[in-house]
Number of protein chains: 2
Amino acid sequence: METTCDQDGPWDVYLRSCPCRDVLDLLANKWTALMLGALARGPHRFGELRRAVDGISQKMLTQNLRQLERDGFLTRTVYPTTPPTVEYALTEMGAEVGAHLVALSTWSQANFDRIRSARESYDGRELQPVR
Amino acid sequence: METTCDQDGPWDVYLRSCPCRDVLDLLANKWTALMLGALARGPHRFGELRRAVDGISQKMLTQNLRQLERDGFLTRTVYPTTPPTVEYALTEMGAEVGAHLVALSTWSQANFDRIRSARESYDGRELQPVR
DNA sequence: CGGGATCCGGTCGGATACTG
DNA sequence: CAGTATCCGACCGGATCCCG
């Protein structure tokens, strides 16, 4: 027996007990979106990734890399050089979800002006009530 | 003068100082994905939304609804009945991003089996080393 | 019904120091 | 270079109580 989502067929993220919600939690995350987005442009070494995703700490980078590797979204290849060389690359699965996350990032960039004007109109509301 | 991302053209979420990274942070979020996904199937009242997104607390629901409303992703309509009736509906913008987030949720459900087997293979690794 | 306000534990996540 | 380990503050997010 194990933690299932429901009895019928596939999984349902809208149910609190569904184990696949953890996956959504890992993927629907700012750092994940940026990391997979960077890797979508090709394999990166640790330091390259760190620089590509500006502002991420090495702790978060390592932590997310491990989780993403564990879930099969990327591979970690160590070349026995000195100093060590480690390369991260997307798997097929990683590329699939990466595409969706890249779409999200791209959308955020492209439509930020619309969002900001929506924000201004919202903020300047209750100061000049209805009439 | 204001906080810009860079000088040339549009915004860049990969830069730490880019204000549009906040938008990505709001969107690339488990609750946001599920809420917009539920609203993509039509307008919902507060309680309906609470039940559709199983496990969300009313605090998180309210908080995210306010932010999403402020950024123009959904509208909040109050009908002067007793007891009050409040309806939430996606805007055009909300439907656009919602589509990407629904894709992410759907993908997570559909591919959870692949992820779980990747997870098992990863976990059963260092116990039986190379040779 | 649709919230606001508050308390509070747990985790997120940055900063720093150390290693092969 | 590519991490691991630890400290610690911030805030995420659930539980509870209250209101119009």
Side-chain angles (χ1 to χ4, degrees), chain A residues 13-18 21-35 38-39 43-70 74-89 122 125-126, chain B residues 13-17 21-35 38-39 43-70 74-89 122 125-126 129:
Chain A
V13 280
Y14 290 91
L15 295 180
R16 117 176 63 187
S17 59
C18 183
R21 191 176 271 193
D22 297 342
V23 176
L24 183 62
D25 208 8
L26 170 63
L27 296 176
N29 167 310
K30 175 181 58 175
W31 294 133
T32 298
L34 295 173
M35 288 167 58
L39 288 175
H44 283 64
R45 296 181 52 182
F46 187 86
E48 292 174 339
L49 215 40
R50 186 157 161 55
R51 266 169 277 122
V53 181
D54 188 35
I56 195 172
S57 65
Q58 83 282 45
K59 178 183 174 178
M60 282 303 99
L61 185 53
T62 301
Q63 193 171 103
N64 285 317
L65 282 171
R66 293 291 173 274
Q67 293 187 76
L68 291 170
E69 183 193 3
R70 180 169 116 98
L74 53 84
T75 58
R76 177 176 182 269
T77 311
V78 183
Y79 298 99
T81 60
T82 49
T85 301
V86 180
E87 191 175 78
Y88 295 93
Y122 181 93
R125 193 156 296 170
E126 295 303 291
Chain B
V13 278
Y14 291 90
L15 295 180
R16 121 177 58 189
S17 58
R21 191 176 272 191
D22 296 342
V23 176
L24 183 61
D25 208 9
L26 170 63
L27 296 176
N29 169 307
K30 175 180 58 177
W31 294 134
T32 299
L34 295 174
M35 287 166 58
L39 289 175
H44 283 64
R45 296 181 53 182
F46 188 87
E48 293 174 338
L49 215 40
R50 186 157 162 55
R51 267 169 276 123
V53 182
D54 187 35
I56 193 172
S57 65
Q58 83 283 46
K59 177 183 174 179
M60 281 303 99
L61 185 53
T62 302
Q63 193 171 104
N64 285 317
L65 281 171
R66 292 292 173 274
Q67 292 186 77
L68 291 169
E69 184 194 3
R70 181 171 115 99
L74 53 82
T75 58
R76 178 176 181 268
T77 311
V78 183
Y79 297 100
T81 60
T82 49
T85 300
V86 180
E87 192 174 76
Y88 295 93
Y122 181 93
R125 193 155 297 172
E126 295 302 292

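Order of the sequence lines fixes the chain letters, A, B, ..., with proteins taken first and strands second; residue numbering starts at 1 for each chain. All heavy atoms count here, side chains included; hydrogens, waters and symmetry mates do not.
- Heavy atoms of B:Arg50 sit nowhere under 4.0 angstrom from any nucleic acid atom.
- Residues meeting the side-chain contact (heavy atoms from CB on, under 4.5 Å) test with B:Arg76, sequence neighbours left out: B:Arg66, B:Glu69, B:Val78, B:Val86, B:Tyr88.
- Rounded to 10°, the angle separating the first-five-pair axis and the last-five-pair axis of the helix from C:dC1-D:dG20 to C:dG20-D:dC1 equals 40°.
- By the 4.5 Å heavy-atom criterion applied to side chains, B:Gln67 and B:Arg70 are not counted as neighbours.
- Applying the 4.0 Å criterion to OP1 and OP2 of C:dC1, one finds that B:Arg45 has every side-chain N and O outside that range.
- Two residues are said to be in side-chain contact when any heavy atoms from C-beta on lie closer than 4.5 Å; B:Val13 and B:Val23 fail this criterion.
- Counting only heavy atoms from C-beta outward, the side chains of A:Val53 and A:Leu61 never approach each other to under 4.5 Å.
- Once you apply a 4.0 Å limit to the heavy atoms of chain A, the touched nucleotides of DNA chain D run 5' to 3' over D:dC1 to D:dC7.
- Listed by chain and residue number, nothing satisfies the side-chain contact (heavy atoms from CB on, under 4.5 Å) test with A:Thr82 (two or more places apart in sequence, or in another chain).
- Across all strands shown, A:Tyr88 has heavy atoms under 4.0 Å from sugar-phosphate atoms exclusively, and none from any base.
- Contact annotation: the side chain of B:Ile56 approaches that of B:Met35 to within less than 4.5 Å [non-hydrogen atoms, C-beta and beyond].
- A pairwise comparison of heavy atoms in A:Trp31 and A:Asn29 identifies N-OD1, 2.6 Å as the closest pair.
- A:Pro43 pairs by the side-chain contact (heavy atoms from CB on, under 4.5 Å) definition with A:Glu87, A:Ala89, not counting sequence neighbours.
- Contact annotation: the side chain of B:Leu49 approaches that of B:Leu65 to within less than 4.5 Å [non-hydrogen atoms, C-beta and beyond].
- Taking each heavy atom of B:Gln58 and B:Arg50 in turn, the nearest pair found is N-NH1, 3.4 Å.
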>> What does the B/S/- profile of nucleotides 12-20 of chain C look like, 5' to 3', with a 4.0 Å heavy-atom cutoff to protein?
In response: -BBBBB--B

